[in-house]
J.: 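What follows is a structure written as structure tokens; I'll ask about it next.
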Amino acid sequence: MSKHIPLILKLIALGGLLAFPMADSPFYTELVAKTVLFGIFAMSLDLLVGFTGLVSLGHAAYFGIAAYTVALMTPKYEAASFWTTFPSAIGISAAAALVVGIFVLRTKGIYFIMVTLAFAQMVFYLFHDTALGGGSDGIYLNLKPDTTLFGGKPFDLDNPFHLYYLIIATLVVVYLFLKLLLRSPFGKVLVGIKSNEHRMKSMGYRTFGYKLAAFSIAGGLAGAAGYLYAVLFGFVTPELMSWHQSGNVLLMVILGGMGNLVGALLGALAFVAMQEVFSTWTKHWQLVMGSVIVLSVLFLPGGLSAVPRRLKAALTGGGEK
Amino acid sequence: MSDTMNNDVLLVAEKLTKRFGGLAANQDVNLSLERGKLHALLGPNGAGKSTCINMLSGDLPPTEGRILYLGQDISRTSAAQRSQLGIGRSYQRTNIFPKFSVFENVRLAAQSRNQRAWKIFADAMNDKTAVDKAMAAIEEAGLTSRAQRIAGTLSHGEQRQLEIAMVLATDAQVLLLDEPLAGMGSDESHQMVELLLKLRPSRAILLVEHDMDAVFAVANTITVMVNGQVLESGSPEQIRASTQVQQAYLGHEEMLHV
């Protein structure tokens, strides 16, 4: 019985998400949608940070590239097709990550962090300083993508509820995709690389290819989140790929507990919630949030996802593990 | 013809040299590993034994000299490529996946023989070939009762056995074992010696070891290195009788009279 508890909790959480629009609060529905898409973004980074041991500080680049893809594919007075823009956005961000990965994955540790940051900054300035994507002002997405397929419209992205459910569906698909991936021989190799890459090589694994594939997949999934962001808010700016954004998503992963997909979602939830709550208290909310993050890293190693295990250990009187 | 034509000779090192700046850690080292034979590498600390193993396994590129596997020059291949050829190694400092179960450590090693990375939706546990191979290697190394334990919680000796199991799971034909008995108690060393004897007939083994009892119990050939060079190479009897070796081990010569 007790081993089913995590599954039951996950289903309850999913039920809550599905029922949420009934609360009939457009503001909060949008906020939840935003949290969920940041959760997708955080899970994609966790594949690198928590499961492969690759700490990327440039992950927002792929989020942003996908957001710009839909903005640039949409004509000014006409809606683009959802069925072409969504796969394109994911594909282009995955391809961008593949190309960047070929270079950055030749480095390790602190150098990897700096080089991923450097590439992300290059992408940021490409959009910020050139006319390619409207410069520093970004682009408005006047019309949300059109979902017409074979003459029918299965759902309508102009309807906030439909868009909300698309985001939830994407969450479920990405979560299940990553679960399967991590269970597969491929996923086992990634976790092995995180634990001891040297030994993986000496056992005959060419780890570079595996890392490159993971980097590209993570880029594509970040792209799914970035696409949904652009569609949800109707505009894109270079800020989406700034290093602050890369830092934020890394904080979500750390807050939630690295190497745990639900943790990444909890981290995104905690992050967005803190942002909302603290910013109503004070204009210096980032100071408060920074303190909370420092405290949680100090006193909650393993992040939010480790809380149940620690509580259980405390309750049963067992020592901390 | 030369030894390399012999079918049982798997791995040959020819004039292997490694320089770190001005220091020659290995100088003109010649070695040959045959199937069915255990070749022990002896020498005081700093003699260059680990450097030699690192060159053979691909962890270090040689500065000069050649490494031949079944007659083919593999001097410039990577560690991963050599593992795929059939050259497996264990490490002097235990080098495992401490947070994984014993089974998963060995299963990962076995999976490396049949990498189907594109099957990203298959359950790794359904790869029966890898699972069976892992269980066989665990049994061969005598760890069956420990299979589900977290590797980091094993005793030191069991972790050394795990190292061997991981090498076995890769179907290695050449085993490069860097001090597998280091830090073991007498019972554990005894078990390891038994294991080495069991593995010897079907594989070519290079053993770096300080435990003289063990070396003389299992070695067919012994090479003694001093200051990066081969001092003497021959049968255990020849080595035991060598005055040169006794001089090199001055103060330790009683070790050679076991």
Side-chain angles (χ1 to χ4, degrees), chain A residues 44 47 50-53 94 98 101 105-106 173-218 220-221 257-260 301-302 306 309 318-319 321, chain B residues 53-54 57-59 77-91 93-100 104-127 129-131 150-153 162-163 166-172 176 178:
Chain A
S44 76
L47 178 66
F51 293 100
T52 318
L98 187 76
L105 289 167
R106 296 181 190 281
V173 170
V174 170
Y175 175 81
L176 293 177
F177 171 79
L178 287 172
K179 271 284 179 195
L180 285 175
L181 185 79
L182 290 166
R183 194 190 64 156
S184 75
F186 175 80
K188 302 287 178 192
V189 172
L190 298 187
V191 181
I193 289 172
K194 187 198 176 195
S195 175
N196 191 344
E197 182 174 3
H198 174 231
R199 185 66 194 227
M200 291 302 283
K201 284 183 181 167
S202 85
M203 295 193 315
Y205 289 102
R206 292 184 195 182
T207 55
F208 183 82
Y210 283 92
K211 290 194 290 185
L212 186 59
F215 199 77
S216 180
I217 290 170
L221 296 178
M258 290 175 277
N260 186 309
R309 184 161 48 84
K321 250 199 149 179
Chain B
I53 270 204
N54 284 334
S57 69
D59 285 300
T77 54
S78 70
Q81 285 170 313
R82 284 187 216 187
S83 166
Q84 292 295 348
L85 285 173
I87 303 170
R89 74 165 295 181
S90 75
Y91 288 84
R93 291 250 225 71
T94 302
N95 191 353
I96 55 174
F97 303 93
K99 289 184 177 164
F100 298 176
E104 180 60 12
N105 268 272
V106 185
R107 200 201 58 77
L108 258 184
Q111 185 189 306
S112 70
R113 294 308 105 173
N114 185 16
Q115 295 180 40
R116 289 175 296 177
W118 61 93
K119 293 190 92 177
I120 56 172
F121 296 124
D123 187 339
M125 296 308 148
N126 287 344
D127 180 355
T129 323
V131 169
I150 299 299
T153 68
L162 173 57
E163 282 257 354
M166 289 162 75
V167 180
L168 296 180
T170 62
D171 295 331
L176 308 172
D178 199 352

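Order of the sequence lines fixes the chain letters, A, B, ..., with proteins taken first and strands second; residue numbering starts at 1 for each chain.
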J.: With a 4.5 angstrom heavy-atom cut-off, is it the side chain or the backbone of B:T170 that approaches chain A, or both, or neither?
T.: side chain

J.: Is chain A contacted by the side chain of B:D123, its backbone, both, or neither, given a heavy-atom distance below 4.5 Å?
T.: both

J.: With a 4.5 Å cut-off on side-chain heavy atoms, are A:R206 and B:Q81 touching?
T.: yes

J.: Quick check: do A:V191 and B:F97 have side-chain heavy atoms less than 4.5 Å from each other?
T.: no

J.: What distance do A:K188 atom NZ and B:M125 atom CE have between them, rounded to the nearest 0.5 Å?
T.: 4.0 Å

J.: Got a donor-acceptor contact below 3.5 angstrom from the B:S112 side chain to the A:M203 backbone?
T.: yes

J.: Indicate the atoms forming the closest heavy-atom contact of B:R89 with A:R199, along with that distance.
T.: O-NH2, 3.7 Å

J.: Which atoms of B:R82 are under 4.5 Å from chain A, going by heavy atoms: the side chain, the backbone, both sets, or neither?
T.: neither

J.: Mind checking the NZ-OG spacing from A:K201 to B:S57? Nearest 0.5 Å is all I need.
T.: 12.5 Å

J.: For B:Q115 and A:G204, indicate whether the former's side chain and the latter's backbone hold a donor-acceptor pair under 3.5 Å.
T.: yes

J.: Just by distance, do the side chain of A:Y205 and the backbone of B:L108 share a donor-acceptor pair under 3.5 Å?
T.: yes

J.: Heavy-atom distance under 4.5 Å to chain A: side chain of B:I96, backbone, both or neither?
T.: backbone

J.: Give the minimum heavy-atom separation between B:A124 and A:P185, together with the two atoms involved.
T.: CB-N, 3.6 Å

J.: Using non-hydrogen atoms only, which part of B:D59 is less than 4.5 Å away from chain A: side chain, backbone, both, or neither?
T.: side chain

J.: Considering only heavy atoms and a distance below 4.5 Å, find which of A:S202, A:G209, A:G187 pairs most often with chain B.
T.: A:S202

